[in-house]
J.: 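The structure is given below, and queries will be raised subsequently.
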Amino acid sequence: MLYGAIEAGGTKFVCAVGNEKLDIIEKVNFTTLSPKETMPQVISFFKKYETQLSSIAIGSFGPIDICPDSKTYGYITSTPKISWQNFDFIGYLKTKLKEMPLYWTTDVNAAAYGEYIDGHGQGYSSVVYYTVGTGIGGGALQNGKFIEGFSHPEMGHMIVRNHPNDYFKGNCPYHQNCLEGMAAGPAIEKRIGIKGQDLPEDHPFWEIEAFYVAQCIYNTTMMFSPDIIILGGGVMKQVHLQTKIHHEFKKIMNNYVDLPPIEKYIVFPKLGDQAGIIGCLGLAKKIASF
Ligand code: ADP
Ligand code: ZN
């Protein structure tokens, strides 16, 4: 039996088919355009496997509607990407792939699940995953289940304190200086005029970035005391940030609680950019076994 995975990102879509061992058999990437242009590419990829597929899991950018009783379950809801606003993602897949069992969650939940089953989260019961990229999103797992209620968490929009030397006002259209407004890739570029990937390692801004990410970890620790916090996404490709984040986090924590060894507690993803797609394959396998 085969399983399908769709990582629906705001920048690119990744579709994959994997086997029982979650080894990837085929994978394709394409740029996220409008649903009219992008969704037929998704369908044509899966059509050739349709009879062999047990299920497909989707990890999508959001916000998305995950409430099974809601009229708009399976929709991407209030995204700033206009052509995707109120797009009925699951409804579309159901009309094209008729009997296919589908699992619907956020892109970060999928990545959290990937790390939980096959990455640094393996063997732990409580795992939190953040992505720091075009936006900031977080997913939290407790005993294999996602933490959610009326909707999925939006941890990237937590409120943070401003760094005393940071005069940037923040660029979140809803909250201005929330975590995403201060520390996601576009906030770096807007503040400094240079993309994060082009900013040298010794630029003083990285201390400020670490200060915000450390607050995120502090808040997460105080709320969930998870076993591990995994930091992914483009901005976290700055490997030198890890020590800076550890340092800032220890300062904020001020020895208030005994923590797991910090190098094991705050880590970068073992699966790298594959966390989301492996997570989707794992979720597809999980629903197929019910
Ligand atoms: P997305 O969030 O769109 O899925 P990414 O996680 O790659 O994609 O995030 C893209 C953002 O991360 C951009 O704002 C980009 O400038 C920033 N970024 C990408 N690579 C790096 C890097 N190596 N260092 C710092 N910032 C980066
Ligand atoms: Zn915000």
Side-chain angles (χ1 to χ4, degrees), residues 5-15 29-33 38 58-64 76-81 84 105-112 114-115 129-139 151-162 168-210 212-213 215-216 219 230-245 268-269 271-280:
I6 305 174
E7 194 184 4
T11 313
K12 70 172 196 289
F13 264 58
V14 184
C15 297
N29 291 350
F30 30 85
T31 308
T32 308
L33 304 169
T38 299
I58 305 103
S60 175
F61 70 97
I64 65 175
I76 294 180
T77 57
S78 54
T79 166
K81 290 183 152 292
W84 292 89
T105 192
T106 61
D107 46 3
V108 269
N109 271 353
E115 284 289 319
Y129 182 99
Y130 283 95
T131 181
V132 185
T134 306
I136 300 184
S151 184
H152 54 80
E154 283 285 349
M155 306 185 208
H157 293 264
M158 68 175 71
I159 297 296
V160 287
R161 277 186 200 155
N162 274 39
F168 185 56
K169 296 255 181 294
N171 69 344
C172 172
Y174 294 94
H175 323 107
Q176 217 165 15
N177 59 345
C178 67
L179 177 66
E180 177 172 303
M182 297 308 276
I188 301 174
E189 191 178 350
K190 196 163 172 197
R191 184 193 269 112
I192 304 172
I194 304 171
K195 283 187 195 299
Q197 56 268 48
D198 301 324
L199 208 58
E201 232 179 80
D202 59 1
H203 194 287
F205 170 73
W206 291 122
E207 306 286 335
I208 293 178
E209 179 71 14
Y212 292 119
V213 177
Q215 290 185 64
C216 163
N219 291 338
I230 302 164
L231 301 171
V235 180
M236 291 301 127
K237 296 208 165 127
Q238 298 288 329
V239 178
H240 61 93
L241 269 180
Q242 192 165 22
T243 358
K244 295 185 177 76
I245 293 167
F268 291 144
L271 302 178
D273 292 337
Q274 298 273 71
I277 212 77
I278 299 289
C280 286

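Just so you know, these numbers use all the heavy atoms, side chains as well, and skip hydrogens, waters and symmetry mates. In listed order, ligands and their atoms are each counted from 1.
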J.: Atoms of ligand 1 less than 4.0 Å from Thr11 heavy atoms?
T.: 1 (P), 3 (O)

J.: Which ligand 1 atoms are under 4.0 Å away from a heavy-atom of Gly185?
T.: 14 (O)

J.: Can you list everything that forms a side chain to side chain contact (heavy atoms under 4.5 Å, CB included) with Ala111? Sequence neighbours excluded, please.
T.: Tyr129, Ala275

J.: Only heavy atoms of Gly196, strictly under 4.0 Å: list the atoms of ligand 1 that pass.
T.: 24 (N), 25 (C), 26 (N)

J.: Excluding waters, which protein N, O or S atoms are within less than 2.8 Å of the Zn ion (ligand 2)?
T.: His157 ND1, Cys172 SG, His175 ND1, Cys178 SG

J.: If only atom types and distance count, is the side chain of Glu180 paired as donor or acceptor with the main-chain N or O of His157 below 3.5 Å?
T.: no

J.: Considering only non-hydrogen protein atoms, determine which one is nearest to atom 9 (O) of ligand 1 and report residue, atom name and distance to 0.1 Å.
T.: Gly133 CA, 3.2 Å

J.: Please walk me through it: do Gln274 and Ile277 pass side-chain contact (heavy atoms from CB on, under 4.5 Å)?
T.: CA-CA 5 Å; Gln274 298 273 71; Ile277 212 77; 3.8 Å; yes

J.: Which part of Pro186 is near ligand 1, with near meaning a heavy atom under 4.0 Å away: side chain, backbone, both or neither?
T.: both

J.: Out of curiosity, is Gln238 lining ligand 1, as in a heavy atom under 4.0 Å away?
T.: yes

J.: Which residue and atom name correspond to the protein heavy atom nearest atom 15 (C) of ligand 1, and how close is it?
T.: Gln197 OE1, 3.3 Å

J.: Could you list which atoms of ligand 1 come closer than 4.0 Å to a heavy atom of Gly233?
T.: 6 (O)

J.: So, does Glu115 use its side chain to make a donor-acceptor pair with the main chain of Leu271 at under 3.5 Å?
T.: yes

J.: Only counting residues at least two apart or in another chain, list the ones meeting side-chain hydrogen bond (donor to acceptor under 3.5 Å, both in side chains) with Asp273.
T.: Lys237

J.: Between Ala184 and Gly133, which heavy-atom pair has the shortest distance, and what is it?
T.: CB-O, 3.5 Å

J.: For atom 8 (O) of ligand 1, what's the nearest protein heavy atom and its distance?
T.: Thr134 OG1, 3.9 Å

J.: For the residue pair Phe13 and Phe30, categorise the inter-ring angle as parallel (less than 30°), tilted (30 to 60°) or perpendicular (more than 60°).
T.: parallel

J.: Looking at every non-hydrogen atom in both residues, tell me the closest pair between Gly139 and Asn109 and how far apart they are.
T.: CA-OD1, 3.3 Å

J.: What residues form a salt bridge (charged side-chain N to carboxylate O under 4.0 Å, His left out) with Lys195, not counting sequence neighbours?
T.: Glu189

J.: For Ile64, does its backbone N or O pair with a side-chain atom of His152 as donor and acceptor, under 3.5 Å?
T.: yes

J.: Does ligand 1 have an atom that lies less than 4.0 angstrom from a heavy atom of Gly9?
T.: no

J.: Identify the residue among Thr106, Ile76, Thr77 that makes a side-chain contact (heavy atoms from CB on, under 4.5 Å) with Pro63.
T.: Thr77

J.: So, regarding Trp206 and ligand 1 (criterion: nitrogen or oxygen to nitrogen or oxygen, under 3.5 Å), is there a contact or not?
T.: no

J.: Select one of side chain, backbone, both or neither to describe which atoms of Lys237 lie under 4.0 Å from any atom of ligand 1, heavy atoms only.
T.: side chain

J.: What protein heavy atom sits nearest atom 7 (O) of ligand 1, and how far off is it?
T.: Gly234 CA, 3.7 Å

J.: Indicate yes or no: at least one non-hydrogen side-chain atom of Ile245 is less than 4.5 angstrom from one of Leu231.
T.: yes

J.: Would you confirm whether Thr38, through its side chain, and Leu33, through its main-chain N or O, come within 3.5 Å as a donor-acceptor pair?
T.: yes

J.: Pairs of nitrogen or oxygen atoms closer than 3.5 Å, one from Lys195 and one from ligand 1: do any exist?
T.: no

J.: Is the closest N or O pair between Gly135 and ligand 1 shorter than 3.5 Å?
T.: no

